[in-house]
Amino acid sequence: TSAFMSLQSACREKGIKIILYGVFSHTGADSKYFNKFDRYEGVGAYKAFNEGEESRYRSWYNFYRNEDGSVGYESWWGFPDLPNINEDDLSYRSFIFGKDGVVDTWTSRGASGFRLDVSDELPDSFIRQMRKTIKRNSNNEGILIGEVWEDASCKCSYGSYRDFMFGNTHDSVMGYTRS
């Protein structure tokens, strides 16, 4: 925190604003939230599912048992080290958007917005709530930028067209279209 505050202060003196990089569609298997390898204090989602213990993070992930009884879970593009988050989970939304949540914490420390990793893999309702929270916390001056891997002007994902270019979800997008 002190390193960020020092950076924020130095940037502010030079008129530079800081945009944070946010990954909200998945976590690492070796994070305190999932804690697959039991390296962190407390019970992560993996242990909560596997051993039937309580964890505030359990509902963030979708688990199942494989035919051999081992634990399985949804992961980002099939990479087991990157468990998918259920972005519609209310406790997860509260953790990100609630009072003293991720967005509140970092905007109160001076962040001017976020750049969303794999924005096109997040639900529109999540992105709208992210943008609304950023705007509310910044007198409407904060920014939300999305990473979109195809043409954002006509992006279709998960069976519907996305409104990335109409000012409802993002302020801008980073496109990686191929020519």
Side-chain angles (χ1 to χ4, degrees), residues 1-34 40 56-57 59-61 76-77 79 81-158 160-178:
T1 304
S2 63
F4 180 81
M5 297 308 288
S6 295
L7 174 64
Q8 175 62 16
S9 178
C11 287
R12 188 178 304 124
E13 287 177 18
K14 299 193 181 296
I16 298 170
K17 294 187 178 192
I18 296 176
I19 308 295
L20 298 178
Y21 180 84
V23 180
F24 298 102
S25 66
H26 54 278
T27 65
D30 191 21
S31 68
K32 77 177 198 173
Y33 314 110
F34 200 77
Y40 300 93
R56 68 179 280 200
Y57 312 117
S59 62
W60 295 8
Y61 304 92
W76 186 77
W77 285 75
F79 294 104
D81 287 339
L82 300 173
N84 269 347
I85 290 278
N86 175 6
E87 299 93 353
D88 290 324
D89 180 81
L90 295 179
S91 72
Y92 180 67
R93 292 249 181 147
S94 179
F95 182 80
I96 302 300
F97 305 121
K99 182 173 173 18
D100 300 322
V102 171
V103 176
D104 269 3
T105 296
W106 291 103
T107 54
S108 71
R109 292 177 182 166
S112 295
F114 287 84
R115 185 266 196 191
L116 295 178
D117 181 64
V118 294
S119 185
D120 53 346
E121 295 183 17
L122 293 166
D124 283 342
S125 62
F126 184 91
I127 300 169
R128 285 187 186 101
Q129 190 172 3
M130 171 69 79
R131 187 168 186 259
K132 181 180 176 181
T133 306
I134 291 169
K135 298 296 183 186
R136 182 188 68 228
N137 291 1
S138 67
N139 272 346
N140 220 25
E141 292 182 12
I143 189 168
L144 183 62
I145 301 168
E147 172 193 45
V148 179
W149 277 89
E150 292 85 18
D151 184 350
S153 68
C154 60
K155 175 70 177 173
C156 184
S157 63
Y158 302 100
S160 63
Y161 283 99
R162 309 295 293 272
D163 65 355
F164 296 155
M165 303 297 285
F166 299 112
N168 299 320
T169 54
H170 301 81
D171 293 294
S172 185
V173 295
M174 298 175 66
Y176 301 100
T177 56
R178 292 169 240 211

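Everything numeric here is computed off the predicted structure, so don't read it as measured data.
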For the residue pair F95 and W60, categorise the inter-ring angle as parallel (less than 30°), tilted (30 to 60°) or perpendicular (more than 60°).
tilted
Which of parallel (below 30°), tilted (30 to 60°) and perpendicular (above 60°) describes W76 and H26?
parallel
I need the [X] [atom1] to [Y] [atom2] distance, nearest 0.5 Å.
{"X": "S172", "Y": "R115", "atom1": "OG", "atom2": "CZ", "value": "11.0 Å"}
{"X": "D30", "Y": "D81", "atom1": "CG", "atom2": "CG", "value": "8.5 Å"}
{"X": "T105", "Y": "I96", "atom1": "OG1", "atom2": "CD1", "value": "10.0 Å"}
{"X": "N137", "Y": "S108", "atom1": "CG", "atom2": "OG", "value": "8.0 Å"}
{"X": "D120", "Y": "F164", "atom1": "CG", "atom2": "CZ", "value": "5.5 Å"}
{"X": "D104", "Y": "F97", "atom1": "CG", "atom2": "CZ", "value": "11.0 Å"}

Quick check: do [X] and [Y] have side-chain heavy atoms less than 4.5 Å from each other?
{"X": "S25", "Y": "N84", "answer": "no"}
{"X": "T107", "Y": "S138", "answer": "no"}
{"X": "Y92", "Y": "N86", "answer": "no"}
{"X": "K155", "Y": "S119", "answer": "no"}
{"X": "F4", "Y": "I18", "answer": "yes"}
{"X": "Y21", "Y": "D117", "answer": "yes"}

Would you find a donor on one side and an acceptor on the other, under 3.5 Å apart, between the side chain of [X] and the backbone of [Y]?
{"X": "E147", "Y": "M174", "value": "no"}
{"X": "E87", "Y": "F126", "value": "no"}
{"X": "T133", "Y": "Q129", "value": "yes"}
{"X": "N139", "Y": "E141", "value": "no"}
{"X": "S6", "Y": "S2", "value": "yes"}

Looking only at heavy atoms, which two atoms of [X] and [Y] are closest? And how far apart?
{"X": "T169", "Y": "L144", "result": "O-CD2, 3.3 Å"}
{"X": "G113", "Y": "I134", "result": "CA-CG2, 4.3 Å"}
{"X": "V103", "Y": "M130", "result": "CG2-SD, 3.5 Å"}
{"X": "D88", "Y": "P123", "result": "OD1-CG, 4.0 Å"}
{"X": "G28", "Y": "L82", "result": "CA-CD2, 4.4 Å"}
{"X": "D89", "Y": "S59", "result": "OD1-OG, 2.9 Å"}

Can you list every salt bridge (charged side-chain N to carboxylate O under 4.0 Å, His left out) pair that touches residues 162-173, not counting sequence neighbours?
D124-R162, R128-D163, R131-D171, K135-D171
Among Y57, Y61, Y40, which one satisfies ring pair (Phe, Tyr, Trp, His ring centres under 6.0 Å) with F34?
Y61
